[in-house]
Amino acid sequence: MNPDSRLPQLGQWEGLEDVRRLQEKQLPQTVSWAANSPFYRSRLDPANLPTSISDLASLPLTTKQDLRENYPWGMLAVPKERLATYHESSGTAGQPTPSYYTPEDWVDLAERFARKWIGLSERDVFLVRTPYALMLTGHLAHAAGRLRGATVVPGDNRSLAMPYARVVRVLHDLGVTLTWAVATEYLLWAAAAAAAGHRPGVDFPALRALFTGGEPLTAVRRHRISRIWGVPVIEEYGSTETGSLAGECPDGRLHLWADRALFEVYDPKTGTVKSEGDGQLVVTPLFREAMPLLRYNLEDDVSVSYRDCACGWDLPTVRVFGRAAFGYRVGSTTIAQHQLEELVFVLPDSYGVLFWRARVEPDRLRIEIEVAEEHQQAACAELAASVRSVIGVDAEVVGLPPGSLVPATVLTSMPDVVKPRSLFGPDEDWDKALLYY
């Protein structure tokens, strides 16, 4: 896979007006590609295709339900012979959400992911610890690593062949320099490393950054992970349907890749669409040929801003809340996950609280945290007080011994993953016959 010189590169524009011109220049081609798919053929007038951003605004939003109803090939805009890969999102809402890419689409995908301010090069050993299979995420990071010449370690995180004990061994023994995983993985790795006798911030000297995405991440949890491992945590935002949509700059802000996609913000309460502010993110990838998407509503709650950033990238910034902005009611108060996460991870590091869960009930909130016995009383009292002070509800906070929420066996075991087998010797365990799960 070689870089595509036709695609815009960071630093090739001056100011947001320049980015707007890039979008306007590419949009007619994008719409022309879309008109080749059965779905958009039914939506577009071939004699009057949108040719500008203002024209595009007259089209209805494309929804996840549209993708589900057109499974598997209703969104396909090229001959199948041109496809490189087929994917489906991780959702479990029944009907699959399909996504497919040509080799040329893959260059755009890999380049966007590889836009990491800390760099990604042939000097790196890059552990990819997100799902492969039908999802895009593992394949995307893998392709970006190879595009930049890195040695890729395909760790997956839904395979019995890669338990946490093995992750820790690989991190340590291979001198892994960069990783890609959801943020929760980094807390699990820390616990697994400690269980193996390692100190996360000391015994992995080659490690220089942790890449993360795929779940909402508050600043306090991110900083906690960074302190544990002693390296920066660098965020990424995207989806299986679109690939990477935003990446972090050296100043720590997420920038939308507006040179490669057109972004809007949809307010589901009013039905209005605007260029910035709070709402659901709507995206039109500009260099997607196999499965063009026009005004695709990701349904993720975001806040988009066009204020200047000191990094000089001249790209809009985004704060991503995912669907975590949705909450549950306790009495008259609505509680969202990110609110609780902030309060859990402002507890002193010395308490060692990494894992927690909460459940709302009509008149109260129950929170459970893993915490060592010597810190249980203080941690529970402080968390209950902060929930009352900040959120305004009473919480029953229960301290559980370490290993209650994340069993020690999960962190230390090495499952026996064997190939299917039917013939065994007299001293062998034949209950493993045909076992490969």
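Positions are given from 1, in the same order as the sequence printed here. Note that the structure is predicted; figures quoted are calculated from it, not measured.
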* Structure fact -> Here the ring-ring contact (aromatic ring centres under 6.0 Å, His included) pairs for residues 128-150, sequence neighbours left out, are His87-His139, Tyr132-His139, Tyr132-His142
* To do: Scan for side-chain hydrogen bond (donor to acceptor under 3.5 Å, both in side chains) pairs involving residues 198-214, sequence neighbours excluded, and state none if there are none.
  => Asp124-Arg208, Arg199-Asp203
* Among Ile118, Ile234, Thr317, find the one that has a side chain to side chain contact (heavy atoms under 4.5 Å, CB included) with Glu248. => Ile234
* In chain order, what residues pass the side chain to side chain contact (heavy atoms under 4.5 Å, CB included) check against Arg123, with sequence neighbours excluded? -> Ser121
* Structure fact -> Quick note, salt bridge (Lys or Arg N to Asp or Glu O under 4.0 Å) partners involving residues 274-292, not counting sequence neighbours, are Arg82-Glu289
* To do: Tell me, yes or no, whether the heavy-atom count around Arg158 atom CZ, taken from other residues, nucleotides or ligands under 6.0 Å, exceeds 12.
  => no
* Counterpart residues, ring-ring contact (aromatic ring centres under 6.0 Å, His included), relative to Trp313 (two or more places apart) -> His255, Trp257
* Glu361/Arg366 salt bridge by N-O under 4.0 Å criterion -> no
* Asked: Could you give all pairs that pass the side-chain hydrogen bond (donor to acceptor under 3.5 Å, both in side chains) test and reach residues 32-49, with sequence neighbours left out?
  -> Tyr40-Thr62, Arg43-Asp66
* What pairs of residues pass the salt bridge (Lys or Arg N to Asp or Glu O under 4.0 Å) test when at least one of them lies in residues 14-23, not counting sequence neighbours? -> Asp18-Arg21
* Provide the full list of ring-ring contact (aromatic ring centres under 6.0 Å, His included) pairs with a residue in residues 262-312, sequence neighbours left out, each pair given once. => none
* Structure fact -> Applying side chain to side chain contact (heavy atoms under 4.5 Å, CB included) to Gln65 and not counting sequence neighbours gives Thr63, Arg68, Glu69
* Asked: Does anything in residues 228-237 pair up under side-chain hydrogen bond (donor to acceptor under 3.5 Å, both in side chains), and if so which pairs, sequence neighbours excluded?
  -> Lys116-Glu236, Arg222-Glu235, Glu236-Ser244, Tyr237-Asp300
* Any residue meeting side chain to side chain contact (heavy atoms under 4.5 Å, CB included) with Val318, in chain and number order, not counting sequence neighbours -> Ala246, Leu254, Leu256, Val302, Val304, Val320
* **Partner set under side chain to side chain contact (heavy atoms under 4.5 Å, CB included) for Thr137, not counting sequence neighbours** => Thr130, Pro131, Met135, Trp180
